Structures are given as C-alpha cells and as structure tokens.
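Values in this document were obtained by computation on a predicted structure and should not be read as measured data.
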Amino acid sequence: MLGVAIATLGATPLFAYAQAHDAHSGHTAMPASSAPADAASMPGMDHSKMSMPDMDHGTMNMKPTSAPKPAEAMPGMNHGQANTAPPAPAHDMGAMNTSGGEMDHGDMQMQGGSAPPDARDPDAYSDGYVRNAGKYALPPSNALIMSDMHNFGSVYFDRLEYVRARGEEWAAYEGEAWYGSTYNRAVIKAEGEVASGKLQESETQLLWRHAVSTFWNTELGVRFDHAQGAPNREWLAFGFNGLAPYWFEVDATAYVGPSGRTALGLSAEYDILLTQKLYLQPSVEVNFYGKNDPAREIGSGLSDGTAGLRLKYEVTRQFVPYVGVEWSSKFGKTADYARAAGDSKQETRFVAGLSFRF
C-alpha cells in the first residue's frame with residue numbers, strides 16, 4: 001500500500017503538466033530566447049486573427065521584463081481589429097442634417113448689421129397712439145409723472161439742543177423747511193436761542209432755492225434778524241450751498257441791508273463715520289460784517305466764529321440724538337463791545353440734543 005501511494009503522488013504533477021500543455025497546443029511553437037523579440041521580427045503578426053479557444057489567461061504569469069515599446073515601434077502589428085472602438089469623427093456643424101437641410105453657420109448673422117427688409121417698424125408698435133393723447137390717454141389724476149416733476153415737502157432740524165456755558169443754560173435750534181420739486185423749492189431757514197422762556201435772538205430767512213448742478217443749489221431771498229433789547233435788521237440774501245468734494249457740506253450767503261450794511265456768512269461740516277450708525281460731526285461757522293453796528297454790538301470785519309464737535313448716533317435716518325462741545329469766540333470790534341458789556345469774548349459750550357426730520 002505504501003508503494004501505491006508514493007506512485008500516485010509522483011504521477012500528479014505529470015497529469016497537471018499534460019493538461020496545461022494541451023491547453024496551449026493551439027499556439028505555434030516559438031523558439032525560446034533570452035531577450036524578448038522586437039517588433040521588427042514580427043512584421044506580419046495580426047493579433048485579431050489569432051485563434052486561442054482553450055487559452056486560460058487566469059493562469060498566465062505576465063510579468064513585464066522591459067518597458068513597453070511605443071506604437072510607432074511596431075508598424076506591422078494591427079491593433080485596429082483587437083476590440084477597440086474607431087475614433088470619433090470631427091464635429092462638423094456644416095454637415096449636420098437638421099430637418100432635411102444642412103445647417104450652414106457661415107450664413108448665420110449674429111448681432112449687428114442692417115435689419116431685414118420685412119422687420120417691424122419699432123415706432124409703429126402702438127398704431128400711432130401716444131401716452132397722453134388719443135383714446136388710450138390716462139385722465140390727469142392717473143397720468144404718469146416722473147419723480148422730478150412732483151412737489152415734495154420736508155422739515156429738518158439739524159440742531160434742537162440744550163446748551164450749558166458759564167453756569168448758564170439755554171436752548172438753541174437750527175433747521176429748515178422746504179416745499180417744491182427737485183429743481184426749485186421755497187425754503188424757510190431759522191436759528192436762534194431761547195432762555196428763561198423767551199426768544200433771546202433769532203435769524204429767519206425766506207429763500208427760493210434752485211438746483212444748478214447735481215450737488216449745488218443757489219438761494220435768493222430775504223433775512224430777518226431779531227434780538228432782545230436791540231433793533232431788528234432786514235437783509236436781502238443771495239448764496240449757494242451743496243456738497244463739496246470729499247463730502248463737505250458747505251453754505252455761503254452774502255447779505256445787503258439798508259444804510260449800506262453788508263454781511264457774509266460761511267459754514268461747513270463733515271461727517272466722520274465710526275460705524276454705520278455712530279459718527280462724529282465737526283463743524284465751523286464764521287460771520288463777517290461790512291460796517292460797525294453799535295446798536296447790536298457788532299463790529300466790522302471778522303465778527304464771530306464757532307467750532308463744534310458732535311457725536312451722533314443714527315437710530316433711524318429721521319431720528320439722531322447727539323452730545324457735543326462748542327467753542328465760540330468774538331473778534332475785533334465785536335470783542336470790544338462784549339468786554340464793555342461785561343461779557344466774555346470766548347466760551348466753551350456743552351450741548352446735548354436731537355436732529356430729526358419728517
């Protein structure tokens with residue numbers, strides 16, 4: 001029994017070899033070589049016609065012995081029939097058949113050029129009817145009016161504030177109201193001080209404002225000055241205001257009054273944004289007069305000036321509370337009049353107030 005088992009184990013490799021040899025019997029015997037054959041030795045070899053019905057590729061050990069050769073190095077090998085798809089033809093729009101006719105992009109016209117002879121007249125789309133005439137015209141109450149043709153009105157107080165200086169307290173106001181269109185408006189400007197429930201002094205102007213450019217207006221009208229214990233004064237006024245380069249708000253007005261009196265007022269302010277709602281607003285204002293006016297304690301030349309700094313918080317565009325400080329000074333003959341009356345020619349004022357519009 002031991003001899004039979006040994007004989008069986010020795011015959012098993014022989015049967016395996018015979019089966020493998022029979023599976024490759026379809027191949028033509030090729031002489032062994034230590035180096036792989038190059039493409040030149042197989043000029044007529046066509047892999048697409050090789051018959052290998054019993055070849056089992058799963059048992060083949062295909063270890064590359066050298067780098068693969070490029071396709072140009074095997075001119076005789078025909079891979080075109082070895083289960084590869086033919087290359088797609090070039091995309092030729094000129095040969096595209098669309099509904100029985102060839103599409104020729106060369107004859108297609110894109111934007112530009114002359115309109116075709118049968119194009120519709122763009123001015124005849126309404127059959128001759130216009131917006132404000134004919135049977136389709138709207139009544140006056142429904143007629144379309146552009147924004148610059150409407151009349152609007154607004155009231156704006158730039159300063160309505162509490163003021164404290166030299167141990168005294170009073171209220172101050174400065175604002176304007178206007179009515180009109182984008183280009184022409186009737187304007188009332190007013191500013192003054194109220195103390196102990198009485199109007200101490202005021203300046204009121206009635207003006208006609210006309211827009212001469214995108215950022216600038218001219219103003220023409222009259223001014224009326226009032227003060228406790230002093231005569232009133234009336235003036236003709238002409239000036240301009242607007243937005244200067246770098247976003248400076250500028251106002252300049254010249255005045256002419258009876259008895260050869262003249263005056264010039266200049267003011268400017270600027271907004272320094274700290275956030276989208278919180279900002280600082282520095283401002284400056286100076287006044288000049290052409291002659292002395294002892295009754296109102298005003299001297300000629302540079303009469304007085306004020307510089308202020310207010311910190312404003314824009315709750316809404318219509319409601320802006322603030323706090324700030326102002327420095328006021330009198331100059332020249334006006335300062336002499338103040339000293340003679342026992343007043344200081346300079347003072348620092350602390351203010352808190354509100355800017356609003358509606």
Visitor: Using the rule side-chain hydrogen bond (donor to acceptor under 3.5 Å, both in side chains), only one of Asn241, Asp251, Asn184 pairs with Asn217; which is it?
Guide: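 Exactly one candidate clears the test, Asn241.
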Visitor: We want to know whether Glu169 and Tyr162 form a side-chain donor-acceptor pair, criterion being a heavy-atom distance below 3.5 angstrom.
Guide: yes
Visitor: Given the rule that I, L, V, M, F, W and Y join up when any side-chain heavy atoms are under 4.5 Å apart, are Tyr289 and Phe331 in one cluster?
Guide: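 Cluster IDs for Tyr289 and Phe331 differ.
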Visitor: Return the CD to CD distance between Glu193 and Glu201, rounded to the nearest 0.5 Å.
Guide: 4.5 Å
Visitor: Arg317 and Arg357: side chain to side chain contact (heavy atoms under 4.5 Å, CB included), yes or no, with the steps?
Guide: CA-CA 8 Å; Arg317 295 296 296 255; Arg357 68 177 72 207; 5.8 Å; no
Visitor: How close do Ala295 and Ala230 get, counting heavy atoms only, and between which atoms?
Guide: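 It is O-CB, 3.8 Å.
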Visitor: Does Arg223 pair with Glu234 as a salt bridge, N-O distance under 4.0 Å?
Guide: no
Visitor: Return yes if some donor-acceptor pair links the side-chain N/O of Glu176 with the main-chain N/O of Phe157 below 3.5 Å, else return no.
Guide: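 Side chain of Glu176 to backbone of Phe157: no pair is present.
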Visitor: If we only count heavy atoms from C-beta on, is the Arg339 to Lys345 side-chain gap below 4.5 Å?
Guide: yes
Visitor: Taking the basic N atoms (NZ, or NE/NH1/NH2) and the acidic carboxylate oxygens, is any pair closer than 4.0 Å for Glu174 and Lys189?
Guide: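 Here Glu174 does not pair with Lys189 in a salt bridge, since their nearest N and O are not under 4.0 Å apart.
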Visitor: Please check: side-chain N/O of Thr334 versus main-chain N/O of Gly299, any donor-acceptor pairing under 3.5 Å?
Guide: yes
Visitor: Any chain of hydrophobic side-chain contacts (each under 4.5 Å) joining Leu280 to Tyr313?
Guide: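 Shared cluster, yes.
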Visitor: Under a 3.5 Å cutoff, is there a donor and acceptor pairing between the side chains of Lys312 and Ser355?
Guide: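 Short answer, yes.
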Visitor: Between Asp293 and Arg233, is there a salt bridge with N-O shorter than 4.0 Å?
Guide: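 Yes, Arg233 and Asp293 are salt-bridged.
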Visitor: Is it the case that Glu161 and Tyr322 place a side-chain donor and acceptor less than 3.5 Å from each other?
Guide: yes
Visitor: For Tyr337, does the six-membered ring have the charged nitrogen or CZ of Lys333 within the cation-pi criterion, i.e. under 6.0 angstrom from the centroid and within 45° of the normal?
Guide: yes
Visitor: Mind listing the closest non-hydrogen atom pair of Asn151 and Ser181 along with its distance?
Guide: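 Minimum heavy-atom contact is OD1-N, 3.6 Å.
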Visitor: What are the two closest heavy atoms between Val325 and Val351, and how far apart are they?
Guide: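 For Val325 versus Val351, the nearest heavy atoms are N-CG2, 4.1 Å.
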Visitor: Just checking, is any N or O donor in the side chain of Arg349 or Ser328 under 3.5 Å from an acceptor N or O on the other one?
Guide: yes
Visitor: Minimum heavy-atom separation for Ala237 to Leu207, with atom names?
Guide: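 In terms of heavy atoms, the two residues are closest at CB-CD2, 4.1 Å.
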Visitor: Which distance, rounded to the nearest 0.5 Å, do you find between the CG of Leu160 and the OH of Tyr173?
Guide: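 Output value for this atom pair is 10.5 Å.
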Visitor: Is it possible for you to say whether Leu311 and Ile272 belong to one hydrophobic cluster, with membership spreading through side-chain heavy-atom contacts below 4.5 Å?
Guide: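 Yes: a chain of side-chain contacts under 4.5 Å links Leu311 to Ile272.
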Visitor: Is it possible for you to say whether Phe248 and Val212 belong to one hydrophobic cluster, with membership spreading through side-chain heavy-atom contacts below 4.5 Å?
Guide: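 Per the 4.5 Å side-chain linkage, Phe248 and Val212 are co-clustered.
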Visitor: Tell me if the aromatic rings of Phe319 and Phe356 count as close, with their centers under 6.0 Å from one another.
Guide: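 Centroid separation for Phe319 and Phe356: 6.0 Å or greater.
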Visitor: Establish whether Leu354 and Leu278 are linked, either directly or via other cluster members, by ILVMFWY side-chain heavy-atom contacts under 4.5 Å.
Guide: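 Yes, because Leu354 and Leu278 connect within a single hydrophobic cluster, where side-chain heavy atoms sit under 4.5 Å apart.
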Visitor: Indicate yes or no for a side-chain donor-acceptor contact from Thr316 to the backbone of Gln318 under 3.5 Å, with no hydrogens or angles considered.
Guide: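 Checked: pair present.
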Visitor: Any side-chain heavy-atom pair from Phe288 and Val286 closer than 4.5 angstrom?
Guide: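 A side-chain contact exists here, since the closest heavy-atom pair is under 4.5 Å.
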Visitor: Test Glu249 against Leu243 for side chain to side chain contact (heavy atoms under 4.5 Å, CB included), laying out the working first.
Guide: CA-CA 5 Å; Glu249 293 275 358; Leu243 191 64; 3.9 Å; yes
Visitor: Are a donor atom and an acceptor atom from the side chains of Asp225 and Trp235 found within less than 3.5 Å of each other?
Guide: yes
Visitor: Looking only at heavy atoms, which two atoms of Leu264 and Tyr255 are closest? And how far apart?
Guide: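 For Leu264 and Tyr255, the tightest heavy-atom pair comes out as N-CD1, 4.4 Å.
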Visitor: For residues Val284 and Ser267, determine if any side-chain heavy atom of one lies less than 4.5 Å from a side-chain heavy atom of the other.
Guide: no
Visitor: Roughly how far, to the nearest 0.5 Å, is the OG atom of Ser202 from the NE2 atom of His226?
Guide: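 So the NE2 of His226 and the OG of Ser202 are separated by 5.5 Å.
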Visitor: More than 12 heavy atoms of other residues, nucleotides or ligands under 6.0 Å from OH of Tyr156: is that the case?
Guide: yes
Visitor: Where is the tightest heavy-atom contact between Ala244 and Trp216, given as atom of each residue plus distance?
Guide: CA-CZ2, 3.6 Å
Visitor: Passes side chain to side chain contact (heavy atoms under 4.5 Å, CB included), Leu236 versus Val222? Steps please.
Guide: CA-CA 5 Å; Leu236 291 176; Val222 295; 3.9 Å; yes
Visitor: Sub-3.5 Å donor-acceptor pair from the side chain of Gln200 to the main-chain atoms of Ala195, do we have one?
Guide: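 Checked: pair present.
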Visitor: Calculate, to the nearest 0.5 Å, the distance between atoms CG and CD belonging to Leu273 and Glu314 respectively.
Guide: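 Answer for the CG-CD pair, Leu273 versus Glu314, is 9.0 Å.
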Visitor: Salt bridge between Glu219 and Arg185, side-chain N to carboxylate O under 4.0 Å?
Guide: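 Salt bridge flag = no for Arg185 with Glu219.
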Visitor: Could you please spell out the steps behind the side chain to side chain contact (heavy atoms under 4.5 Å, CB included) verdict for Asn232 and Phe224?
Guide: CA-CA 7 Å; Asn232 297 328; Phe224 179 78; 3.7 Å; yes
Visitor: Roughly how far, to the nearest 0.5 Å, is the OH atom of Tyr246 from the OH atom of Tyr270?
Guide: 10.0 Å
Visitor: Just by distance, do the side chain of Ser259 and the backbone of Arg261 share a donor-acceptor pair under 3.5 Å?
Guide: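 Pair absent, no side-chain N/O of Ser259 close to backbone of Arg261.
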Visitor: Output the distance between atom CZ (Phe240) and atom OG1 (Thr218), rounded to the nearest 0.5 Å.
Guide: 10.5 Å
